[in-house]
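Working notes for the structure below.
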2 protein chains.
Amino acid sequence: MGTTQLESVPEPKYWHLKTVLNDALDSEFEVGEILPNERDLAARFGVARATLRQALEQLELEGRLQRRRGVGTTVAPPRMGVSVGPSANTWPGAGIDAWETVGCVEAAAPAAIAALLGTAPDQAVHTIRRVRVMRGQPVAAELLYVPPASVPGLPGDLTPATHAPAVLRELHTLELEGEDRSVELGSARADDAKQLDRLPGAPVLVVTARYYAAGRVAAASVSTYRADTCRLTFGDAGAFEVTHHQQDTRQAS
Amino acid sequence: MGTTQLESVPEPKYWHLKTVLNDALDSEFEVGEILPNERDLAARFGVARATLRQALEQLELEGRLQRRRGVGTTVAPPRMGVSVGPSANTWPGAGIDAWETVGCVEAAAPAAIAALLGTAPDQAVHTIRRVRVMRGQPVAAELLYVPPASVPGLPGDLTPATHAPAVLRELHTLELEGEDRSVELGSARADDAKQLDRLPGAPVLVVTARYYAAGRVAAASVSTYRADTCRLTFGDAGAFEVTHHQQDTRQAS
DNA sequence: AAGTGGTCTAGACCACTCA
DNA sequence: GAGTGGTCTAGACCACTTT
């Protein structure tokens with residue numbers, strides 16, 4: 001062990017508390033085990049409940065804990081590795097892709113989506129809502145936007161039950177030329193939070209994708225992944241299977 | 001800004017506050033403009049300072065605000081699109097890749113890194129610390145791990161100034177066969193936070209990469225990106241240039 | 001020295017789950 | 001109805017930056 005700096009800078013209580021709890025989780029608790037409640041924990045460590053909660057919040061952010069109102073705080077399993085392509089250039093909804101359609105409407109796209117698609121701000125687009133489930137848990141909620149120009153052969157007799165399949169089927173007749181993606185941090189909107197079984201405002205990883213065909217953006221999607229339970233994987237070599245927690249990667253500079 | 005009311009549904013105050021502030025940022029403030037201080041804002045909205053701070057915290061998480069202790073709260077510019085490959089299969093440190101080396105040591109890898117590399121837990125590895133700067137701002141701090149077995153031709157007369165370049169040069173003589181990456185949410189460790197000009201615990205996007213050569217993992221890196229200022233881009237079609245904020249993508253289901 | 005955001009306290013009540 | 005986490009208050013002091 002190198003010489004760690006002592007006394008010169010007071011570490012915040014919640015930060016120290018987080019370290020102590022993190023170590024305790026490794027050594028004294030099993031995955032799924034329920035922790036003492038917040039009032040007891042705060043008393044045990046001699047801090048106010050708000051201070052304890054600040055530590056718990058960070059541990060939940062890092063995927064170490066799961067808190068559920070009315071139930072308690074449990075030790076979270078390691079994050080799931082979730083592949084978000086591009087494993088192969090395939091259209092969304094093609095083949096086996098672990099998504100389940102839960103709704104479909106044709107409505108004017110929000111301004112940000114119109115900019116993504118390159119359509120007029122008031123242009124109506126097909127909007128398919130899908131949910132991705134892994135190991136019995138919802139991990140992502142998605143809105144997939146398809147401009148009518150991308151699916152010219154769409155039949156006219158659409159019911160709520162046939163709308164989404166028909167749009168996807170038409171989309172798949174195009175040749176996919178490319179795709180790009182971006183990932184950023186966000187907080188769950190109320191509707192997404194409900195699908196993800198979380199409270200509104202929960203931290204999420206927002207994956208924005210654009211699909212190109214015939215030199216244009218043929219479709220776009222905004223996928224909202226639970227940041228607490230998911231590790232997004234990219235690239236050719238497949239998903240990691242390492243049990244990996246960031247806080248163990250400390251190293252001198 | 002008048003007071004709005006109509007509280008038939010018990011939406012949390014901080015959530016409503018966040019919406020109001022978000023709209024105000026769009027209509028009444030310019031990027032870089034400084035907001036009134038927290039005590040004044042709280043008084044203006046008739047809430048406790050802690051409640052106001054809860055709203056500000058979320059807006060900062062979403063990249064709308066930037067808060068600096070001793071200075072104030074300012075309106076953040078849109079997030080930067082930061083490419084994190086794989087644009088082409090190239091080794092880290094090769095060609096022009098916007099990273100600057102700030103240190104290099106040879107030391108035992110943490111357990112999680114040893115697992116990534118497939119080396120023994122006490123195996124010493126070359127550890128290169130790098131920083132990525134965009135538009136004059138640090139956006140990422142990285143630790144790049146290279147096992148000695150990957151750089152057998154390394155000369156023996158290494159000084160702190162020549163260590164990192166020599167390791168990278170040797171690494172580049174291997175043929176890169178593939179790479180994979182994962183992205184997850186984390187909070188900045190003290191050392192990374194310092195490089196990123198943030199407080200410890202700040203939300204970050206942790207990109208873990210593995211580089212393959214000769215059928216083995218030849219190197220691995222853990223890159224810590226500022227979640228407030230960065231949008232990570234992947235894929236073939238290049239970085240987005242869209243001004244995109246997630247909260248504007250609301251749509252019925 | 002003044003002003004800012006960051007931390008912390010000791011309470012209170014609410015929304016939710018479950019026996 | 002008991003117990004849990006979620007929200008909220010009205011203070012206090014601290015660390016930091018700027019003047």
Side-chain angles (χ1 to χ4, degrees), chain A residues 5 7-19 21 32-61 64-76 187-188 190 193-194 197-203 228, chain B residues 7-19 21 33-61 64-76 187-188 190 193-194 197-203 228:
Chain A
Q5 190 105 346
E7 321 307 333
S8 62
V9 176
E11 198 177 36
K13 273 190 186 178
Y14 79 91
W15 186 262
H16 180 246
L17 199 50
K18 178 186 146 187
T19 312
L21 285 168
E33 195 173 345
I34 186 167
L35 270 63
N37 72 54
E38 296 182 348
R39 291 162 180 85
D40 286 352
L41 275 179
R44 181 176 315 188
F45 287 105
V47 299
R49 191 177 155 220
T51 303
L52 174 80
R53 278 179 60 81
Q54 205 170 347
L56 294 183
E57 250 153 54
Q58 286 227 354
L59 288 171
E60 189 179 32
L61 195 84
R64 294 284 285 158
L65 293 178
Q66 179 152 6
R67 299 191 286 174
R68 277 177 302 172
R69 171 156 52 177
V71 180
T73 301
T74 55
V75 182
S187 44
K194 196 164 191 176
D197 194 24
R198 298 256 58 192
L199 291 178
D228 55 342
Chain B
E7 299 287 338
S8 58
V9 176
E11 191 181 41
K13 275 189 185 178
Y14 79 91
W15 187 262
H16 179 246
L17 200 50
K18 178 187 144 185
T19 312
L21 284 169
E33 195 174 345
I34 185 167
L35 269 63
N37 72 54
E38 296 182 349
R39 291 162 180 87
D40 285 352
L41 275 178
R44 181 176 317 189
F45 288 106
V47 300
R49 192 178 155 218
T51 303
L52 173 80
R53 279 181 60 81
Q54 206 169 347
L56 294 183
E57 249 153 56
Q58 286 226 355
L59 288 171
E60 188 179 33
L61 194 84
R64 295 283 286 158
L65 292 178
Q66 178 152 4
R67 299 191 286 174
R68 277 177 301 173
R69 168 156 54 178
V71 179
T73 302
T74 54
V75 181
S187 44
K194 195 162 191 177
D197 194 22
R198 298 257 57 193
L199 291 179
D228 55 342

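So you know, we letter chains A, B, ... as the sequences are listed, proteins then strands, and number each from 1. Note: hydrogens, waters and symmetry copies are ignored here, and every other heavy atom, side chains too, is used.
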message: Looking at B:Arg39 and C:dG5, is any side-chain donor or acceptor paired with a base atom of the opposite kind under 3.5 Å?
response: yes

- request: Rounded to the nearest 0.5 Å, what's the gap from CG on A:Asp228 to CZ on A:Arg198? Could you check?
  value: 5.0 Å

- prompt: In whole angstroms, how far is the C1' atom of D:dT17 from the CG atom of B:Asp197?
  reply: 13 Å

task: Take atom CG of B:Leu65 and atom P of C:dG5, then tell me their distance rounded to the nearest Å.
output: 11 Å

message: Counting only side-chain nitrogens and oxygens, does B:Arg67 get under 4.0 Å of the OP1 or OP2 atom of C:dG6?
response: yes

task: Decide yes or no for A:Leu65 and A:Leu35: does some side-chain heavy atom of the first lie under 4.5 Å from some side-chain heavy atom of the second?
output: yes

task: Search all heavy atoms of B:Pro203 against all heavy atoms of B:Leu61 and return the closest pair with its distance.
output: CG-CD1, 3.8 Å

query: Which residues, if any, of residues 43-53 of chain A bring a heavy atom under 4.0 Å of DNA chain D?
result: A:Arg49, A:Arg53

- request: Measure the distance from CD on A:Gln66 to C1' on D:dT4 and round it to the nearest whole Å.
  value: 15 Å

query: Should A:Gln58 and A:Trp15 count as side-chain neighbours, where that means a heavy-atom distance under 4.5 Å?
result: yes

query: Which whole-number value in Å describes the distance from A:Glu38 CD to C:dA15 C1'?
result: 14 Å

message: Would you say CG of A:Asp40 has more than 12 non-hydrogen atoms from neighbouring residues, nucleotides or ligands within 6.0 angstrom?
response: yes

field: Rounded distance in Å - NZ (B:Lys13) to C1' (D:dA10)
entry: 13 Å

Between D:dG6 (P) and B:Glu57 (CD): distance, integer Å: 14 Å

query: If you round to the nearest 0.5 Å, how far is CD of A:Gln54 from CZ of A:Arg49?
result: 14.0 Å

query: Rounded to the Å, how far apart are A:Leu56 CG and D:dG6 C1'?
result: 13 Å

Every protein N/O lying under 3.5 Å from an N/O of nucleotides 1-3 of chain C:
| residue | atom | partner | partner atom | Å |
| --- | --- | --- | --- | --- |
| C:dG3 | N2 | B:Gly70 | O | 3.4 |

- request: For D:dC8, take OP1 and OP2 only and decide whether either is under 4.0 Å from a side-chain N or O of B:Tyr14.
  value: no

message: Just N and O in the side chain of B:Thr73: are any of them under 4.0 Å from OP1 or OP2 of C:dT4?
response: no

Rounded distance in Å - CG (B:Leu41) to C1' (C:dG5): 12 Å

Any B:Phe45 side-chain heavy atom under 4.5 Å of B:Thr51 side chain: no

message: Are there over 12 heavy-atom neighbours, none belonging to A:Asn37, within less than 6.0 Å of that residue's CG?
response: yes

- prompt: Okay, side chain of B:Glu60, backbone of B:Arg67: is any donor-acceptor separation there less than 3.5 Å?
  reply: yes

